[in-house]
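Keep in mind that this is a model prediction, so the values were computed, not measured. Below, each value reflects all heavy atoms present in this structure, side chains not excepted, and no hydrogens, waters or symmetry copies.
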There are 2 protein chains.
Amino acid sequence: MPDEIKNHSECTKMILPVRDALDILSGKWKLPIIISLSFGNKRFSQIAKEIPKITDKMLSKELRDLEANLLVKRTVIPSVPVVVEYSMTSYGKSLEKVIDELRNWGTLHRKQIVSNSKKTKPK
Amino acid sequence: MPDEIKNHSECTKMILPVRDALDILSGKWKLPIIISLSFGNKRFSQIAKEIPKITDKMLSKELRDLEANLLVKRTVIPSVPVVVEYSMTSYGKSLEKVIDELRNWGTLHRKQIVSNSKKTKPK
DNA sequence: TAAATAACTATACTTTAGTATAGTTATTTT
DNA sequence: AAAATAACTATACTAAAGTATAGTTATTTA
């Protein structure tokens, strides 16, 4: 098999799962929610308070998405009034390494950008 | 300092760099481009051939973004006609671990979704 | 009795991301 | 002489993501 075709299929094989992972994490709010819940179980309004500027609509939508992907568990506590607790599933916790790597690289990158923008124009 | 305030600031500290990293990788085309170049230096039209459905406009825009972030290097070879070669910088290669983790998790997740959708409805 | 808490949903809107299609300049191949 | 290659840019559009604002049901506190 010629190199370019081989590379092409290797390439495609890599892209699919990486995109799957990214779909879970991309967008403005999913990470903040995941990180917030990784510090402990929280209720809807507590998460909302922890994440400045998020609207109820976005929070509710993203929590539903995360729940559908089995990363977050929604528990209704039948008190009066009803209280809903969100927590990371053990499956959701398996994202830890991914998030760690993203944070490591992001920290490095932030330094790079800052030191570079000094030489050129401020961002 | 009370727990919730401490958690909140820890949380914020994590979110910033993770978002920085994600900004680099998110979108439909950045990853395919990065992965494609990680298999070897390529010219504009070669990348375009390797990534089905990408338009010239998107490819050109994303390459400019990646270049601005110092992940990709653009080299003009003054032949006739002019040829432009793109390559990963060593800094760009530092994304390798991040991409590996995303791929690992994405592979796991893909299996999870498939086995789960058998129980419920097909996707 | 009004405001606050709880966990949302509904509607309408704006912004950003991505697509479709065509055009540019210069050269080489058919 | 026409078509292909090379590496793009320009214009106009659609689709997806996100925002703003208000409303819901039931209960508790001021």
Q) When the distance from CG of A/Leu59 to P of D/dA17 is rounded to whole Å, what number comes out? A) 18 Å

Q: Take atom CG of B/Asp23 and atom C1' of D/dA17, then tell me their distance rounded to the nearest Å.
A: 14 Å

Name every donor-acceptor pair, under 3.5 Å, that has one atom in a side chain of residues 16-26 of chain B and the other anywhere in the protein, sequence neighbours excluded.
unit_1: B/Arg19; atom_1: NH1; unit_2: A/Lys28; atom_2: O; d: 2.2
unit_1: B/Asp20; atom_1: OD1; unit_2: A/Arg110; atom_2: NH2; d: 3.2
unit_1: B/Asp20; atom_1: OD2; unit_2: A/Arg110; atom_2: NE; d: 2.3
unit_1: B/Asp20; atom_1: OD2; unit_2: A/Arg110; atom_2: NH2; d: 3.1
unit_1: B/Ser26; atom_1: OG; unit_2: B/Leu22; atom_2: O; d: 3.3

Q) Between B/Glu62 (CD) and D/dA7 (C1'), how many Å, whole number? A) 17 Å

(Q) It should be established whether B/Thr55 places a side-chain nitrogen or oxygen under 4.0 Å from OP1 or OP2 of nucleotide C/dA20. (A) no

Considering only distance and modelled atom types, tabulate donor-acceptor pairs under 3.5 Å from the side chains of residues 56-68 of chain B, sequence neighbours left out.
unit_1: B/Ser60; atom_1: OG; unit_2: B/Arg64; atom_2: NH2; d: 3.1

Q. How close or far is atom C1' of C/dA7 from atom CD1 of A/Ile54, stated in whole angstroms?
A. 14 Å

Q. What residues, two or more places apart in sequence or in another chain, satisfy salt bridge (charged side-chain N to carboxylate O under 4.0 Å, His left out) together with A/Lys73?
A. none

Got a list of protein N/O to nucleotides 26-30 of chain D N/O distances below 3.5 Å?
none

Q | Polar side-chain atom of B/Lys42 near backbone of B/Glu85 as donor-acceptor pair, under 3.5 Å | A | no

(Q) For the CG atom of A/Leu95 and the OG atom of A/Ser38, what is their distance to the nearest 0.5 Å? (A) 10.0 Å

Q) Given atom CG of A/Asp65 and atom P of D/dG18, what is their separation to the nearest angstrom? A) 10 Å

Q) Between atom NZ in B/Lys53 and atom C1' in C/dA20, what is the gap in whole Å? A) 13 Å

Q.
Suppose clustering is done on Ile, Leu, Val, Met, Phe, Trp and Tyr with side-chain heavy atoms closer than 4.5 Å. Which residues sit in the same group as A/Ile77?
A. A/Val83

Q.
Across nucleotides 8-17 of chain C, 5' to 3', mark each nucleotide with B, S or - according to how protein heavy atoms within less than 4.0 Å reach it.
A. BS-BB-----

Q. Expressed in angstrom and rounded to an integer, what is the separation of B/Glu85 atom CD from D/dA6 atom C1'?
A. 14 Å

Q) Are B/Asp100 and B/Lys97 within salt-bridge range, i.e. N to O under 4.0 Å? A) no

(Q) Is any side-chain heavy atom of A/Met14 closer than 4.5 Å to one of B/Ile99? (A) yes

**Q.** Counter-base of D/dG23, judged by Watson-Crick or G-U geometry with both distances under 3.5 Å
**A.** C/dC8

Q) For A/Ile77 and C/dT5, what is the distance between atoms CD1 and P respectively, to the nearest whole Å? A) 19 Å

**Q.** Heavy-atom pair with the smallest gap, counting every atom of A/Leu70 and A/Tyr91
**A.** O-CD2, 3.6 Å

